[in-house]
2 protein chains.
Amino acid sequence: MNGRSPEPLVRNTGRRNEATILNAALQAFGTSGFNGASMRDVAKGAGTSLSNLYNYFPSKSKLLAAVLRHANGELQRRVAHAVDDAGNDAPSRLREAVRAHVGFVVDHQVATLVATNEVRYLDPADRTELVSHRDATQATFEHIVDQGAADGVFCTPYPGDAARAILGAVAAIASWYRQDGPLSRGQLAEQYARYALALLEGPLPR
Amino acid sequence: MNGRSPEPLVRNTGRRNEATILNAALQAFGTSGFNGASMRDVAKGAGTSLSNLYNYFPSKSKLLAAVLRHANGELQRRVAHAVDDAGNDAPSRLREAVRAHVGFVVDHQVATLVATNEVRYLDPADRTELVSHRDATQATFEHIVDQGAADGVFCTPYPGDAARAILGAVAAIASWYRQDGPLSRGQLAEQYARYALALLEGPLPR
DNA sequence: TGTGTACATGAATGGCCGTTCTCCTGAGCC
DNA sequence: GGCTCAGGAGAACGGCCATTCATGTACACA
């Protein structure tokens, strides 16, 4: 049951070909990097003409910004829902947040890689906006860590950087995970949830 | 005592300007990415002429390969020495390995970023070589984890991916650490060594 | 003194890139 | 029918890029 067809990141936007173009751009930027991929590549991938791209996005850089906004939004949505559905104690909340994050990384490996590697190519204004959105997601994790530290369930002497460490490990999954490898999506999420709790010196199941 | 002048990654190679060129290339690739940086940028950074670069390296791609070989070599050397100088038990060995790795990331942030983000732009042969070198460094960590698991000191039920998780967290430091921030190099290394031991569910000091 | 070799340079060359321009089509609406 | 407007296409333009070429200097060494 491992062979899910790779769900596109962007589904529907109201404009006829926008989603197709965004997904093609994601693929192109993921394969060759922002500077390595040309607008011609994106057009080819989207099955449209080079000039038509400019009917949707005013520049290559704004196209990247749009792709990253969709990726970030989807991640933020998944993590937020997971935390909302979890219990009130920090360990369960952290567990569900990590599981959701790992799920996103596995479902959208390319988007994760592009989001971490290509942000720097945005113009300053877009970069600032995107970084602040990313920081908001990170803050979700930091608040949970703070809560657990305050409650005394996370005993690490270094709670300040723990969220960053956890998120770094999770994001790195995107650079080695293979869908046809030995680990299922669920097993991987389970493992990393435990890694996170252990790193925080929190309560471990079993 | 935090303001160390950034030691260049490459020090001396026997050819007159090779080190200068390699360090300039590292800087250029780090700032703009492999495809975003031009050979003209590298030449300017090295204070030499565009065409002279080709007296040292046959192509831009081989130049990147040389940069990455130096970065990887330095990391591997530091980790190997640290492990050699450590005790024989897995926890001390892991602790020293992590401390050395964090030290490298802090001392050579740009090299770490380039090494993780730009490997994919090498031609296949160089990429294969570089990846196998990187895997060798990773294997050092994996062996320590295996040793600790066999000895019963690392109790994590998932020792198989733990090294990857730790290395992912450590590499991510390069994308947020600031020399003038609140954490010294040594404190950071200490923190991450503890994170690593905790993640493995190993013995914790104090 | 002559010869090879390492290092260095400025000027091409051919190609691709982002972007723009001009034009075309078809659907919705008066 | 006539108008608008979103969506679409091909051809061009100016610019930058990796690489090569022709040429020059200076030093080692026979």
Side-chain angles (χ1 to χ4, degrees), chain A residues 10-68 114 118-127, chain B residues 10-68 114 118-127:
Chain A
V10 185
R11 216 63 79 79
N12 200 338
T13 66
R15 297 186 68 185
R16 196 185 304 178
N17 269 341
E18 198 174 35
T20 311
I21 291 172
L22 285 166
N23 288 313
L26 174 61
Q27 219 51 45
F29 294 156
T31 303
S32 318
F34 177 70
N35 282 302
S38 70
M39 290 297 266
R40 286 163 177 82
D41 295 335
V42 176
K44 194 158 296 181
T48 186
S49 71
L50 170 60
S51 45
N52 193 30
L53 297 182
Y54 290 87
N55 285 322
Y56 288 85
F57 303 97
S59 72
K60 192 187 180 188
S61 164
K62 294 292 180 186
L63 173 55
L64 174 63
V67 169
L68 294 187
V114 171
E118 321 286 338
V119 198
R120 57 176 166 161
Y121 301 116
L122 296 171
D123 354 340
D126 289 322
R127 184 170 57 239
Chain B
V10 184
R11 215 62 78 79
N12 200 339
T13 66
R15 299 186 66 185
R16 195 183 305 177
N17 268 340
E18 199 175 33
T20 311
I21 291 173
L22 286 166
N23 288 315
L26 174 61
Q27 218 51 45
F29 295 156
T31 303
S32 318
F34 177 70
N35 283 302
S38 70
M39 289 297 266
R40 285 163 177 83
D41 295 335
V42 175
K44 193 156 299 181
T48 184
S49 71
L50 169 61
S51 43
N52 193 30
L53 298 181
Y54 291 87
N55 285 322
Y56 289 85
F57 304 96
S59 72
K60 192 185 178 187
S61 165
K62 295 291 181 189
L63 172 55
L64 174 63
V67 170
L68 294 186
V114 171
E118 321 286 339
V119 198
R120 55 174 166 164
Y121 301 118
L122 296 171
D123 356 340
D126 289 323
R127 185 171 54 240

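Proteins get letters first, then strands, A, B, ... in listed order; numbering begins at 1 in each. Only heavy atoms go into these numbers, but all of them, side chains included; no hydrogens, no water, no symmetry mates.
Listed pair B:N17 / C:dA8 meets the phosphate criterion, a side-chain N or O lying under 4.0 Å from OP1 or OP2. Close to D:dG7, at under 4.0 Å from its OP1 or OP2, lies a side-chain N or O of A:R15. The phosphate of D:dG8 (OP1 or OP2) has a side-chain N or O of A:Y56 nearer than 4.0 angstrom.
The shortest side-chain heavy-atom distance between A:R120 and A:F34 does not fall under the 4.5 Å cut-off. When side chains are defined from C-beta on, B:Q27 does not count as touching B:V42, because their heavy atoms never get closer than 4.5 Å.
One atom, CG of A:L63, and another, P of C:dC17, lie 15 Å apart when rounded to the nearest Å. To the nearest angstrom, P of C:dT19 lies 11 Å from NZ of A:K62. The CD1-P distance, from A:I21 to D:dG7, rounds to 9 Å in whole Å. Here the P atom of nucleotide C:dG28 and the CZ atom of A:R16 are 10 Å apart, to the nearest Å.
Contact annotation: side chain of B:N55 to base of C:dA8, donor-acceptor pair present below 3.5 Å.
Looking at A:L68, A:L64, A:D126 one by one, the single match for side-chain contact (heavy atoms from CB on, under 4.5 Å) with A:Y121 turns out to be A:L64.
Between B:F29 and B:K60, the shortest heavy-atom contact is CE2-CE, 4.1 Å.
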>> Working note: B:S38 + B:D41, criterion side chain to side chain donor-acceptor pair (under 3.5 Å); need CA distance, chi angles, decisive distance, verdict.
In response: CA-CA 5 Å; B:S38 70; B:D41 295 335; 3.3 Å; yes
> Between A:T13 and A:V10, is a side-chain contact (heavy atoms from CB on, under 4.5 Å) present by the stated rule, with each step listed?
Replying inline: CA-CA 8 Å; A:T13 66; A:V10 185; 3.9 Å; yes
> Could you write nucleotides 14-21 of chain D as a row of B, S and -, 5' to 3', where a protein heavy atom under 4.0 Å of any base atom gives B, of only sugar-phosphate atoms gives S, and otherwise -?
Replying inline: ---BBBBB
